[in-house]
2 protein chains.
Amino acid sequence: MGKPTETRRAEIIEGALAVAAERGVNTVTTQAIADQVGIAQSTIFRHFKSRDEIFSAAVNRTGATMLQTLEPCFSGAGSADQRLCKLIRLQLEYVSNNKGLPRILFSDRLHIESPELKQSVQRVMRNYTSRVSQLLQEGMDNDCFDRSLDPDITASHLVMLIQGLLMRWSVFDFDFDLDSESQPLWEFISRAVRPN
Amino acid sequence: MGKPTETRRAEIIEGALAVAAERGVNTVTTQAIADQVGIAQSTIFRHFKSRDEIFSAAVNRTGATMLQTLEPCFSGAGSADQRLCKLIRLQLEYVSNNKGLPRILFSDRLHIESPELKQSVQRVMRNYTSRVSQLLQEGMDNDCFDRSLDPDITASHLVMLIQGLLMRWSVFDFDFDLDSESQPLWEFISRAVRPN
DNA sequence: TTGATTTGTGATTAACCAATCGCAAATATA
DNA sequence: TATATTTGCGATTGGTTAATCACAAATCAA
C-alpha cells in the first residue's frame, strides 16, 4: 500500500481494460475496477478526477503503445507490400493480446458522453489511417501497388476492413482465432491494391 | 390516448431507435423512450415486460425489414456484379435512414447482457453473409468474379468492410454522407473480386 | 524525530435507473 | 347502458452508480 500515484494510475488503467475485455465496457464501474486492482472504490478518485478520465487515459495510452508497436511497418525496411502484409499480421496480433482495446474503442458510450475522449479516439484513427495512406503512396511509387489508386480512400478502406474484423471479433466475444484471419485478409487486400 | 398495444409497441420501438440514433444506446432509458414517445415512463411496461424486450423486438424488427429491403439484390434479375454493386448502395442507403440500427447492432451491451439477443444478431449476420457468399458463387460461375476466390471467406470480408464503414460512421456521429461512400467502396471491392 | 504531504479506506450522498402498484380514464363487450 | 378489460399515469421502491468527506496510515522532507 501507499504506492506512488503513477504506478497506481497504470494499475487502474490496466484494471479498467481487463474488466472491459472480460465483461464489456458497460460493466467497467469504479467498483469493478477497484475490485480488479484490489483497492477501495474511493481510492480510484485519489488518482483520477473522474471516471471518464480513466477511459481517456486508457485510450491515449493504448493508442500510443499500439502505434509504437506498429511503427516498424510504417517506417521500417522492406518493400511496401511486405510491410503492409506485416502490418495486418502485427495489428491483429497486438489486439489479440489487448482485447480491452477494441471494446473501448468501438463503444459508442465513450464518444457521446465525453467529447474530449471522442477527440482522442478520432485522433488515433486519423493518425493510423494517414500512415497507411503514406505506406500506400510509397508502394504506388515503387509499383508495388496500382498507381491509379487514391491512397487516402484506399487507406480508409483498409482500416474499415480491420475495424470490421475487430468489431466482429469483439462483438462475438472473441470466439474465433484472430491471428489466423490475417493470411486470408491479406490475400483479399492484396487483390484490391496490386497493379493491373 | 388509449391506443391499441400493437401501435404503442411500434411507437416505443421507434422511440428507442430514435434515442439510440441521437444520443447512443447507453442513453436509451425507459424514461428517455417515454419522453420521445410522449407517454409516462411506467406506461412502457404496459407494453413490454422489460427493457431488454424492447431491444430484442427492435433488433428482430429492423433486422427483418433490412433483409427484406435487400432481397432483390440476392435473388433478383441482373448480373452478379451489378447486383453486388446495388447491394452496397442499398445497404448504405437503408442504414442512412435507420441510424439507430448500427448503434444497437454494434453495442457490446446487448451481446453480453442478453444471450438471447446475441443469438438474434448472430443469426441475422450469418444469414446475410451466407447470401453474399451465394451471390459471389453465382458470379464466379458466370465469370463476373475470379474463379479462384473462396466465396465464404470473401463474403465475410465484404461484410467486414460494410460493418467497418457503418461502425466508423456511427462512432463518428454520422458526420459524413454515407451514401457517397458506396461508389468508392464498390470500386475497391470490384478490384478485389474481378477476374484476373 | 517532527511535521507535512500523500495515499488509503469506510461511510455517506445525491442522482439515476428499471420495475411495481394503486387508481383513474378510456375502450371494448354484452 | 352496464360491466369488464385495457391503457395510462403518479408515486414509490430497491438497487446501482460516481463522487465526496472525514479520518487513519504511510511516506517524505526537514
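Per chain, numbering begins at 1; letters A, B, ... match sequence-line order. In what follows, every heavy atom counts, from backbone to side chain, and hydrogens, waters and symmetry copies are set aside.
In summary, the side chains of A:Asn142 and A:Glu138 do not present any donor paired with an acceptor at a separation below 3.5 Å, with no hydrogens or angles considered. Side-chain atoms of B:Gln91 and B:Tyr128 include a donor-acceptor pair closer than 3.5 Å. A donor-acceptor contact closer than 3.5 angstrom is absent between the side chains of B:Arg191 and A:Thr154. In this model, a donor atom of one side chain and an acceptor atom of the other lie less than 3.5 Å apart for B:Ser148 and B:Asp146. A:Gln31 and A:Asp35 form a side-chain donor-acceptor contact under 3.5 Å, judged by distance and modelled atom types alone.
Legend: residues meeting salt bridge (Lys or Arg N to Asp or Glu O under 4.0 Å) with B:Arg131, ordered by chain and number and at least two apart, are B:Glu71.
Following rounding to the nearest Å, A:Arg8 (CZ) and D:dT27 (P) show an atom-to-atom distance of 11 Å. The CZ-P distance, from A:Phe48 to C:dT6, rounds to 17 Å in whole Å. Between the CD1 atom of A:Ile33 and the P atom of D:dA19 there is a distance of 11 Å, rounded to whole Å. The separation between A:Asp35 atom CG and D:dT17 atom C1' is 14 Å, rounded to whole Å. At whole-Å resolution of the value, CD in B:Glu11 and P in D:dT7 are 13 Å apart.
A:Ile44 comes within contact range of no nucleotide atom at all, as no heavy-atom separation falls under 4.0 Å.
Taking only side-chain nitrogens and oxygens, A:His47 comes nearer than 4.0 Å to OP1 or OP2 of C:dG8. Using a 4.0 Å cut-off, some side-chain N or O of B:Thr43 falls inside it from OP1 or OP2 of D:dC9.
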Open item on the list: Base contacts versus sugar-phosphate-only contacts with protein, heavy atoms under 4.0 Å: please encode nucleotides 13-23 of chain C as B, S and - from 5' to 3'.
Closed with: ----SBBBBBB

